[in-house]
Amino acid sequence: MSKALNELTITEAARALRAQEITVQQLWDACAKAAKEKNTELKAFLELFPADDTAIDAAQKRIDNKGDNTPALCGIPLAIKDNILIEGHIASSASKILSNYKATYDATVITKLKEAGTLFLGRTNMDEFAMGSSTEHSAFGAAKNPHDTSRVPGGSSGGSAAAVAAHMALCALGSDTGGSIRQPAAHCGLVGFKPTYGAVSRNGLEALASSLDQIGPLAKSVADAKALFDAIRGRDPLDATTIETAPSAVPVAFRIGVPHHLLTEGLDKDVRAHFDNALAAFAQQGHEIVDVSLPTSPHALAAYYVIQPAEASTNLARYDGMRYGVSVAGDSLLQDYVRSRTEGFGTETKRRILLGTYVLSSGYIDAYYRKAELARGMLRTEYDKAFESVDVIAFPTTPSPAFAFGEKTDPVSMYLEDIFTVTANLTGMPALSVPMGNVMREHASLPTGIHFTAPHGKDNVLFAVGAKLTGEQLY
Amino acid sequence: MASVDEVKKLAALARLSVRDEEVKAFAKEFDSILAYVGQLESLQVHSEEKKTPPLRNVFREDSEPHEKGKYTKKIVEQFPNRERNYLKVKKIISYE
């Protein structure tokens, strides 16, 4: 085999394992070795787990005994974002306040992956509580982009993206509240997928904004993203917002909607050129490109940066130093709360808690929060209407390729990174980012991504359209 | 728009303490963030769009409780301060 084992996709590794060309132990060792060697520089992982020999043996036995009937993910080493609970391991959301918190149970996605025989390499770096687009807000130092270490890997699931892009893991789980899977996937040259809201259980995900959060895969191929999504999706009695998503019919020729009115300014010209090339390639394959109008879209980011901090300030109220996490004693109960939170949270987290408190406070809630919720409803109506005439809607995942560390110091410029991705979280619709070609910046070749959105529950339509672009066969 | 006093009040509501130099920085950043999200003001909302709430809460009946004590040890181990299986906190009511 020409590729090193850690460079395999899930599909390739699953085939090689069943053909007895490689063993689970060899696959684990190759990933664990690469992870150990590269992590000092890349800081993709906050912690690398020791090998679980029992799980490795069990996975090998399942493959040996059942061959093709074993789950596709059996024996596959994955990286898991630091906000997803694995029993007995620390899950800190890259925050000082949870730096000593050991998960007391498995997240539903972890239970499902354990049942499938998956192995866990470690927990990956992220922006604190998933608030950020670069991992620069991690309390433990930023992760780096493997394509150019002077640049950010994107965020908040930047550690997961760096781990997969640098072949330290075959695939990774991230979480996406406003683009936190798709934006780092685009910046690191990966496929990133945010499922339909409710398609994947949030039980055991440390909450940022509960009406927006979804867990999803960062992968080397569309097929891998689909394999990981298939392994974790489904109704869960422990998350009342979960739904069952049945695969829907996939068109032979796609009608691809493009909101040209959103692409007139602020878009890097090389990114634009790759996007136009991708559309031309679709047209050449016999798919139709249709202009669509989404008039409320220019307000989406503003609505998002009201709703998200509002929910974050509410969700993060639970961290008070009382029952778990970092606890700093003061001279009264109130001072215990204040000191624990003040010392435990980083600057961006505090900024968003304050902002959320502001937009929810009496006198401002109508102007900001309620208006944002109305904008959200309008966006959803507009997308539903657009989907009457198209199968998917496409635009670039990010306006420009990965930026350098320290380049975006004022909060608004960082928030603008999410301009294209937030709408799918506000509407709850599924969205996929697929690599669409590299651009040269100061001698570094940097990836860019194309972004597709589909109607509610039509997650599988996105995999089909993504595979058209990558030239993959999906089964 | 956001004054130093306002930021201090918000911090108190959010159980945070902010140093004086931080307050100034937050107030300045707040102005640019609020200027950006304030564009929502210009969004025209039609009356029919105001009627249907886009989101609703989803609740279920309580069911399938786990057996008593299954998680007690693990949870108690996380307590910053404890006495046997009890979480120990400061007095809530003070006599001042």
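These numbers come from the heavy atoms of this one structure, side chains and all, not from hydrogens, waters or symmetry mates. Just so we're on the same page: letters track the sequence lines, and every chain starts at 1.
- When heavy atoms are compared at a cutoff of 4.5 Å, E22(B) approaches chain A solely by way of its side chain, counted from C-beta outward.
- Checking side-chain atoms of R15(B) against main-chain N and O of Y337(A) turns up no donor-acceptor pair under 3.5 Å.
- Ranking L10(B), N81(B), V7(B), V18(B) against chain A, the residue ahead of the rest is L10(B), based on heavy-atom pairs under 4.5 Å.
- Neither the backbone nor the side chain of L316(A) comes within contact range of chain B; no heavy atom of the residue lies under 4.5 Å from a heavy atom of that chain.
- Note on ring orientation: taking the six-membered ring where Trp is involved, the planes of Y101(A) and Y324(A) are tilted (angle from 30° to 60°).
- Looking at E41(B), the atoms closer than 4.5 Å to chain A (heavy atoms on both sides) all sit in the backbone: N, CA, C or O.
- Between R376(A) and E373(A), at least one side-chain N (NZ, or NE/NH1/NH2) sits under 4.0 Å from a carboxylate O, which counts as a salt bridge.
- The choice from L334(A), V359(A), D336(A) that makes the most heavy-atom pairs within less than 4.5 Å of chain B is D336(A).
- Residue E87(A) touches chain B through its side chain alone, counting heavy-atom pairs closer than 4.5 Å.
- Residue contact with chain B, scored on non-hydrogen atoms closer than 4.5 Å, is absent for L379(A).
- Contact of T357(A) with chain B is made through backbone and side chain together, with heavy-atom distances under 4.5 Å.
- Taking K102(A), H299(A), R341(A) one by one and counting their heavy-atom pairs under 4.5 Å with chain B, the maximum is reached by H299(A).
- Both the backbone and the side chain of Y36(B) have a heavy atom closer than 4.5 Å to some heavy atom of chain A.
- With respect to chain B, the highest number of heavy-atom pairs below 4.5 Å among R323(A), R339(A), E343(A) belongs to R323(A).
- S332(A) touches chain B through its backbone: at least one of N, CA, C or O sits under 4.5 Å from a heavy atom, while the side chain does not.
- Taking a cutoff of 4.0 Å between a charged side-chain nitrogen and a carboxylate oxygen, K88(B) and E83(B) qualify as a salt bridge.
- Put simply, the side chain of D106(A) never gets that close to the backbone of T111(A): no donor and acceptor are under 3.5 Å apart.
- Ring planes of F129(A) and Y319(A): tilted class, angle from 30 to 60°.
- Between Y364(A) and Y358(A), a ring centre-to-centre spacing shorter than 6.0 Å is recorded.
- Residues L16(B) and F345(A) approach most closely at CD2-CD1, 4.1 Å, considering heavy atoms.
- With hydrogens and angles ignored, the 3.5 Å screen pairs no side-chain donor or acceptor of E348(A) with any backbone N or O of E128(A).
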Residue pair S211(A), E311(A): steps toward the side chain to side chain donor-acceptor pair (under 3.5 Å) verdict: CA-CA 8 Å; S211(A) 77; E311(A) 293 190 23; 2.5 Å; yes
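- Looking at D236(A) and T242(A), their side chains never bring a donor and an acceptor atom within 3.5 Å of each other.
- Look at D239(A) and R202(A) and you find a salt bridge, because one of the NZ, NE, NH1 or NH2 atoms lies within 4.0 Å of a carboxylate O, short of that distance.
- With a 4.5 Å cut-off on non-hydrogen atoms, A317(A) does not touch chain B at all.
- Of the residues considered (V306(A), L354(A), L333(A), T427(A)), L354(A) shows the highest number of contacts with chain B, using heavy-atom pairs under 4.5 Å.
- When each of G325(A), S313(A), A367(A), A303(A) is scored by its heavy-atom pairs under 4.5 Å with chain B, the top score falls to A303(A).
- Chain A forms the most heavy-atom pairs under 4.5 Å with one residue out of E29(B), R82(B), E77(B), and that residue is E29(B).
- For the pair S3(B)/E6(B), a side-chain contact is recorded, criterion being any heavy-atom separation below 4.5 Å from C-beta on.
- Heavy atoms of N100(A) lying under 4.5 Å from chain B belong exclusively to its backbone.
- If you tally non-hydrogen atom pairs under 4.5 Å between each of L355(A), T241(A), I353(A) and chain B, the highest count goes to L355(A).
- Contact annotation for Y415(A): only side-chain heavy atoms (C-beta onward) come within less than 4.5 Å of a heavy atom of chain B.
- Within the 4.5 angstrom heavy-atom criterion, only side-chain atoms of F26(B), from C-beta onward, approach chain A.
- Contact of L40(B) with chain A is made through backbone and side chain together, with heavy-atom distances under 4.5 Å.
- Heavy-atom distances place no part of P295(A) under 4.5 Å from chain B, backbone and side chain included.
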